[in-house]
Amino acid sequence: MRGREQITVADSVEATGIRRGFFSLLALVSVGFHLWLIFAGLIPNLVSRPLHLMLALPWVFLAAESGGPFSRWSGRLLCLAGLLACSYIIVNLESLDEQYGSLRGPLQYTLAIVLILVVLEMARRAIKLALPLVAVTALAYGLFGQYLPGEFGHPGIPVNSFLGTLVIAEGGIWGSLTGVSVNVVAVFVILGAFVGAGEGGAGFMALATRLAGRFRAGAAKVSILSSAFFGSISGSASANVASTGAITLPTMKRLGYPPSFAAAVEAVASSGGQIMPPLMGAGAFIMVELLRLPYTAIMAAAILPALLFFWASWTGVDRFAKGYGLKGMAREDLPDRRTLLTTVPFFLIPFGLLLAVLFLTGYTPQFAAGLAIFAAASLLITDRNGTFSILAFLRRFEGACNNAARQIATIAAIIICAGIVIGVLHMTGLGVKVTSVIIGLSGGHLWGALLLTALACLILGMEVPTTAAYVICVSVAGPALQELGLPALQAHLFVFWYALLSTITPPVCGTVFIAAGMANTPWVPVAGKAMRLGLGLYLVPLAFVANPALIAPNVNLPLALLALVKIGLGLWLISRALIGAGDALWLRLGAGAAGMAAIFAFGVI
């Protein structure tokens, strides 16, 4: 009997090893494929995009086989069906091109249904039910919207053209959004994974601690800076909380910070990573595609608002610290100069190379990121002590590839599913109809339309990931804002910022729940403090609408800096109003009124 148990354990270990080897090889292929695309020249979209999905499918359907037998076997069957459907499109590329998005024969109808089901279930498993439900609603509208009375109906689209455009042409699953996921987002995800696999994370933390640790509530301000540094490459609020929070939350609690305050700081700071250049998650790259602007132009427009967000968080932390009597970190807790000099280069070299190529050459962002990836990968062979180890390099390299491939798959699930929604909006003209409704409800006033758009972003963002919420909201509300006089870049940045609202705003407030769980404290007090610390998320988008010079430093830098100072002063005053720290009520009310005036009055810039 004992021998049988030993054989079973040995078989289990062997199976685990085979499974790990399979996914490590798949991760290497995924990373290699997306890097190869940078230098490969023009590849047909109906080849590169199906291959992208094929490399993502196993990570969603097979890597986390955690459910019951039905979930596991259905995942395997859907993965196989998706692989076969993608292979059919690649093999039959030339004949499909000649069909102009119109299905022919039972096989292609079956292909269309299978691919749509695979994409919907992939999104459900990766990010829960909300986004697939939005996509199903869009599909139902496309198929049956002609039966709706009134202006929200559409003339009707033949089923073969409707499904064909979504599945065998570049109007849905294989649309431009998927192209962004394949060609740009995946490359920057790989960069973030390779920087984080070595000593890059330690470098972020060492630099943040050295810069902010000595100030009042220094550990909380370290959390803000480290989240800004790390979030700028991870582009994920929840990943930011889990990574930097694992260090900053225990430190803050050990120093006597109230757990609800510590969790709120981490939740807010982590949310800012998605609006902080240079990476900004997937949103910046989709913005490049939708606006047809250079990536550097998006970075230039985003940098000052992002700094204002973190400034508002910093001032809020300082006010809370005054009320709680929190001090700076002890000198012995700060990293020494040697630690700084030996860890900071692990992220400074790749990032410096990325920014240098972006701003000083005419190469694409993908090419710049590719060079930065090679630099980050070469640094994995050593550590802060200067120890060179091939074995350690292979272990870090494997971890970076696995982490990158898994993130690429999750983002692909989001973007490809959102592509179905966008495809239906374009085919049916629903976006134009929603635009007219927004203009009508706002009475033709821009600020009314902005508030309606903000509410829509908050509601949609409660369950749909930020990137998908941004894409869907900007598709229906963006034209309305532009029709009312808002420039396209402002409209996109406004929607992108407000798509983040649900990260700290109840009832969903995802980062708040994660941080509260890590700090072992109830989430409601955390959410209350987070909303006050994160006031920049609510006000900065309105501020750069009222002060458009803020997002145009490349046009008029002095005017942009003046706007930065004016809005920064306003945020500091409003922070004083919201976080009293013992101030009299009349002082707080006065500070709030003066802060709003500083942002929105006194000569709009």
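Keep in mind that what you see is a predicted model, and the values were worked out from it rather than measured.
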Rounded to the nearest 0.5 Å, the CG atom of L500 sits from the CG atom of L537 at a distance of 5.5 Å
4.5 Å side-chain heavy-atom contact, M276 and F309: no
Stepwise ring-ring contact (aromatic ring centres under 6.0 Å, His included) check, F39 with F367: CA-CA 8 Å; F39 310 100; F367 185 84; 5.8 Å; yes
Find out whether V222 and M329 are in side-chain contact, i.e. whether some heavy atom of one side chain is under 4.5 Å from a heavy atom of the other. yes
Stepwise ring-ring contact (aromatic ring centres under 6.0 Å, His included) test for Y498 and Y538: CA-CA 7 Å; Y498 274 132; Y538 302 91; 7.5 Å; no
Shortest non-hydrogen contact from A220 to M252? CA-SD, 3.6 Å
Considering all heavy atoms, the nearest P350-A372 contact: O-CB, 3.4 Å
Donor-acceptor side-chain pairing of D336 and T339 below 3.5 angstrom: yes
Minimal heavy-atom distance between K566 and I599, with the atoms involved, is NZ-O, 3.1 Å
Should T342 and R338 count as side-chain neighbours, where that means a heavy-atom distance under 4.5 Å? yes
Any side-chain heavy-atom pair from R576 and T315 closer than 4.5 angstrom? no
Less than 3.5 Å apart, any donor N or O on the side chain of H52 or S181 sitting next to an acceptor on the other? yes
Under 3.5 Å: donor-acceptor pair, side chain of R49, backbone of G175: yes
Test side chain to side chain contact (heavy atoms under 4.5 Å, CB included) on L535 and V540; report intermediate values, then the result. CA-CA 8 Å; L535 69 95; V540 171; over 6 Å; no
Under 30°, 30 to 60°, or over 60°: which ring-plane class applies to F215 and W314, parallel, tilted or perpendicular? perpendicular
For the residue pair F194 and C401, establish whether any side-chain heavy-atom pair is separated by less than 4.5 Å. yes
Evaluate the side-chain proximity of L304 to P553: yes if any heavy-atom separation is below 4.5 Å, no if none is. yes
Any non-hydrogen side-chain atom of P294 less than 4.5 Å from a side-chain atom of V288? no
A side-chain contact here means heavy atoms from C-beta on lying under 4.5 Å apart; do Y363 and L358 qualify? no
Taking everything shown except F359 itself, do over 12 heavy atoms lie less than 6.0 Å from its CZ? yes
Nearest atoms (heavy-atom pairs only) where S30 meets L55: CA-CD1, 3.9 Å
Given L571, which partner from the list L573, I567, L569 fulfils the side-chain contact (heavy atoms from CB on, under 4.5 Å) test? I567
Using every non-hydrogen atom in the two residues, find where T178 and I415 come nearest and quote the distance to one decimal. N-CG2, 3.9 Å
Do you know which of I414, I286, I416, V421 makes side-chain contact (heavy atoms from CB on, under 4.5 Å) with L177? I286
Check against side chain to side chain contact (heavy atoms under 4.5 Å, CB included), L550 and L308: CA-CA 10 Å; L550 182 71; L308 284 170; 3.7 Å; yes
Pair F261-Y324, ring-ring contact (aromatic ring centres under 6.0 Å, His included): steps then yes or no: CA-CA 10 Å; F261 170 65; Y324 291 133; 5.6 Å; yes
Flag for E199-T343: side-chain donor and acceptor within less than 3.5 Å: no
